[in-house]
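All remarks here apply to the structure that follows.
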Amino acid sequence: AQSVTQLGSHVSVSEGALVLLRCNYSSSVPPYLFWYVQYPNQGLQLLLKYTTGATLVKGINGFEAEFKKSETSFHLTKPSAHMSDAAEYFCAVSDGGGSQGNLIFGKGTKLSVKP
Amino acid sequence: EAGVAQSPRYKIIEKRQSVAFWCNPISGHATLYWYQQILGQGPKLLIQFQNNGVVDDSQLPKDRFSAERLKGVDSTLKIQPAKLEDSAVYLCASSSQRSGANVLTFGAGSRLTVL
């Protein structure tokens with residue numbers, strides 16, 4: 001069975017500081033990995049995804065994530081935080097096989113950005 | 001393209017009452033999902049449709065929850081009778097082969113409060 005663990009339910013950074021949101025996964029097959037962002041009272045929006053190929057993946061809004069198979073990790077980073085980055089971030093995994101979906105989500109990490 | 005439409009956005013009911021949520025996916029998206037997001041947790045898949053057929057409903061509490069997608073387009077999720085623990089945001093998502101493996105587009109969600 002697949003699972004996702006996001007370390008830290010809340011992360012607070014200052015504007016301009018590095019953002020690091022941690023995600024570790026468990027999967028018995030090569031995983032597909034995703035980061036979604038959720039702003040208050042909105043649905044989830046895809047930030048980036050890893051399926052195959054290059055392990056460093058760039059997404060929208062300056063975010064990127066690196067797939068590290070040896071560490072079973074897919075941490076999300078951004079060099080310089082903006083106030084507009086304040087939101088909840090979800091890491092997700094799927095087996096990528098068969099019909100599309102099903103995504104297994106972590107519990108989420110709420111990012112706060114201080115001025 | 002228009003996004004995933006959901007209604008109602010908010011619903012408050014008393015326990016043992018019934019409620020229905022509606023979802024209209026992105027035009028042409030064959031796969032439709034209903035997720036349940038309880039406060040403080042990541043979304044959990046309830047049911048996945050491929051066109052008008054059910055692909056996965058293993059986590060749907062079938063004694064009280066039902067869902068249908070009769071014409072392979074829009075979908076309805078019903079809860080009857082509701083319990084206090086059903087208070088959550090119900091997210092609808094859709095995807096297609098064109099959008100790439102497991103890339104789900106989410107609606108804004110329907111927030112249910114059961115008193």
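As the structure is a prediction and not an experimental result, all values here were calculated from the model. A, B, ... follow the sequence lines: proteins, then strands. Residue 1 opens every chain.
Proximity to chain A among residues 72-79 of chain B is not found for any residue, judged by heavy-atom separations below 4.5 angstrom. Using a 4.5 Å cut-off between non-hydrogen atoms, the part of residues 104-115 of chain A that approaches chain B consists of A:Phe105, A:Gly106, A:Lys107.
By the neighbour-count criterion of 12 heavy atoms within 6.0 Å, atom NZ of B:Lys62 is densely surrounded, having more than that number from other residues, nucleotides or ligands. Other residues, nucleotides and ligands contribute more than 12 heavy atoms inside 6.0 Å of the CG atom of A:Leu56.
Contact of A:Gln45 with chain B is not made at all, since no heavy-atom distance falls under 4.5 Å. For chain B, the nearby parts of A:Leu44 are the backbone and the side chain; heavy atoms of each come within less than 4.5 Å. Looking at B:Gln37, the atoms closer than 4.5 Å to chain A (heavy atoms on both sides) all sit in the side chain, from C-beta outward.
Counting only heavy atoms from C-beta outward, the side chains of B:Tyr33 and A:Leu103 never approach each other to under 4.5 Å.
Interface summary for chain A: among B:Gly109, B:Pro43, B:Ala30, the most heavy-atom pairs under 4.5 angstrom belong to B:Pro43.
When the side chains of ILVMFWY residues are joined at heavy-atom separations under 4.5 Å, either directly or via intervening members, B:Val55 and B:Phe65 end up in two distinct hydrophobic clusters. No continuous path of hydrophobic side-chain contacts links B:Tyr35 to B:Ile47 [ILVMFWY only; heavy atoms under 4.5 Å]. Put simply, B:Leu112 and B:Leu115 are part of two different groups of oily side chains (I, L, V, M, F, W, Y) that touch within less than 4.5 Å, one to the next. Taking hydrophobic clusters as Ile, Leu, Val, Met, Phe, Trp and Tyr residues chained together by side-chain heavy-atom distances below 4.5 Å, B:Val54 shares a cluster with B:Tyr90. Linking Ile, Leu, Val, Met, Phe, Trp and Tyr whenever their side-chain heavy atoms come within less than 4.5 Å leaves B:Phe21 and B:Val89 in two separate clusters.
The main-chain N or O of B:Leu104 is found under 3.5 Å from a side-chain atom of A:Tyr36 such that the two form a donor-acceptor pair. No donor-acceptor pair under 3.5 Å is formed between the side chain of B:Arg111 and the backbone N or O of A:Asn41.
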